[in-house]
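Source: prediction; values computed, not measured. Proteins come first, then strands; the chains are lettered A, B, ... in the order of their sequence lines, and each starts at number 1.
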2 protein chains.
Amino acid sequence: MSNTGVNQVVWSAKQQEFVQKWRELGVAWGIPPAMAAIHGLLMTQEHPMVTDEVMSFLSLSRGSAHTQLQALVEWGLVYPIKTLGSRQVRYVAERDSWQMMSCIARQRKKRELDPLLELDAWKRSWASKTDGLEASAVLDKTLDGVLAQASAVDGVLGRLLAEDERWWEQWLLRGLRRN
Amino acid sequence: MSNTGVNQVVWSAKQQEFVQKWRELGVAWGIPPAMAAIHGLLMTQEHPMVTDEVMSFLSLSRGSAHTQLQALVEWGLVYPIKTLGSRQVRYVAERDSWQMMSCIARQRKKRELDPLLELDAWKRSWASKTDGLEASAVLDKTLDGVLAQASAVDGVLGRLLAEDERWWEQWLLRGLRRN
DNA sequence: ACATAATTTCAATTTAAAATGAAAGTATTC
DNA sequence: GAATACTTTCATTTTAAATTGAAATTATGT
């Protein structure tokens, strides 16, 4: 049977609004709308959901629902739950906010920071070729600064995102709540 | 005359590669390719450039060159220089790497963090309507955590980006260079 | 006031990313 | 070992964002 209908799925106006907002937020963060929407939906749901439920709640195609659920699992924002005695997979969102934001930060680091850090190697590869007389002193100077900052941020992030090290959470939240 | 040809424009292979890389980086950061490319180009140039030069160096249309130069000025990454006795405007990139990254961070905060912070007000507006019995306890709990973290990050960023307060730079760079 | 040289605007086009949906692939049960 | 129930893939279409280019606008010098 395709729908056991065990869990009662809630879909209030508040939840719909939230999903809408989360989708928009996602777009601003460079996340595919459907992916953000699915994540938002799962955040509002007490119980795991099945692909077909996600599809109908958000009016998504099967392809999109599937692909984006995969991506969410890949990111660690959603857990796939294999139902015993059925091929069906059900999905739940990570509930811990710190864990959740860490997942997002990790992906963004990979997409945005790491390529910037690679410029360092690139710069050095040119340094050997054009040793001494540089083509653009201005660029080199600014770039050095940028790369220093980038690796500093990388260091901080590395520590912040180290799994099982959550003292940072306390530090961050306690020390700086008032703003 | 349209081209006084005073400054010698340099356009080496290294610079071209850099612009290419900077453009790609820009895309990963959610910045329009042309905008990032222009910024990259200006970073490599000792002297201010005129719109037509930018256009021909990057093979851009006038419309795009203009719009993106405006955006760069708006962000504070590029300064417009009005030539005396001519309508022509010349553009130079900000040279200070800290300043540069601050500009970018400020824009990203506006685009990505501020909308997240607004969820707090949204959440409160629902709290009054549905006082007590909530539609989704799971959501509320996770969301509280997310918002706490968001405002913590907001606090840190606020201090980091406060103009004329650069002790952070030292702190960030010195304390964490090794990684 | 006129002509020129620049900037600015914006409807139309292009481009890249995301979504679709139908077909192909795989477990699971009978 | 079929048949069923679900998942996965991918060529095509859609959508949103960026770019174009030509026309409109505004500043500057004669």
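In this entry the distance linking CD1 of A:Ile38 with C1' of C:dA18 reads 12 Å, nearest Å. Following rounding to the nearest Å, B:Met55 (CE) and C:dT7 (P) show an atom-to-atom distance of 10 Å. Rounded to whole Å, atom C1' of D:dC6 lies 17 Å from atom CD1 of A:Ile81. In this structure, CD of B:Gln70 is placed 18 Å from P of D:dT25, rounded to the nearest angstrom. Atoms CG (B:Asp52) and P (D:dG21) sit 14 Å apart, rounded to a whole Å. Taking atom CZ on A:Arg111 and atom P on C:dA17, their separation rounds to 11 Å, with Å as the unit. A:Arg23 places its CZ atom 13 Å from the P atom of D:dT15, with the value rounded to the nearest Å. Taking atom NZ of residue B:Lys82 and atom P of nucleotide C:dA5, one finds them 20 Å apart after rounding to whole Å.
Closest to the B:Thr67 side chain, of the nucleotides D:dT9, C:dA19, C:dT9, is C:dT9. Nearest nucleotide to the side chain of A:Ser61, out of C:dA18, D:dA18, C:dG21: C:dG21. Nearest nucleotide to the A:Arg62 side chain, out of D:dT8, D:dC6, C:dT7: D:dT8.
Mapping B:Ser86 and A:Leu60 onto DNA chain C by nearest heavy atom places B:Ser86 closer to the 5' end of the strand. Along DNA chain D, the nucleotide nearest to A:Val27 and the one nearest to A:Ser64 differ in position, and the one closer to the 5' end is contacted by A:Ser64. Checking A:Met35 against A:Gly85, the closest nucleotide of DNA chain C that is more toward the 5' end is the one next to A:Met35.
Between the side chain of B:Arg87 and the base of D:dT26, at least one donor-acceptor pair of N or O atoms lies under 3.5 Å.
No donor-acceptor pair under 3.5 Å is formed between the side chain of B:Gln107 and the backbone N or O of B:Ile104.
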**Item:** Derivation and outcome, salt bridge (charged side-chain N to carboxylate O under 4.0 Å, His left out), residues B:Asp140 and A:Lys14
**Value:** CA-CA 11 Å; B:Asp140 279 15; A:Lys14 181 182 173 187; 3.2 Å; yes
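A salt bridge does not link B:Lys123 to A:Glu17: none of the charged side-chain nitrogens sits closer than 4.0 Å to a carboxylate oxygen.
Nucleic acid contact class of B:Val89 (heavy atoms, under 4.0 Å, all strands): sugar-phosphate only. Within 4.0 Å of A:Ser59, counting heavy atoms only, lie sugar-phosphate atoms of the nucleic acid but no base atom.
Between A:Trp11 and A:Phe57, the angle of the ring planes goes over 60°, which puts this pair in the perpendicular group of the 30/60° scheme.
For the OP1/OP2 pair of D:dA27 and a distance below 4.0 Å, the side-chain nitrogens and oxygens of B:Gln88 include no atom meeting the criterion. Checking the phosphate oxygens (OP1, OP2) of C:dT7, no side-chain nitrogen or oxygen of B:His66 falls inside 4.0 Å.
The closest side-chain donor-acceptor pair between A:Glu46 and B:Ser136, if any, does not fall under 3.5 angstrom.
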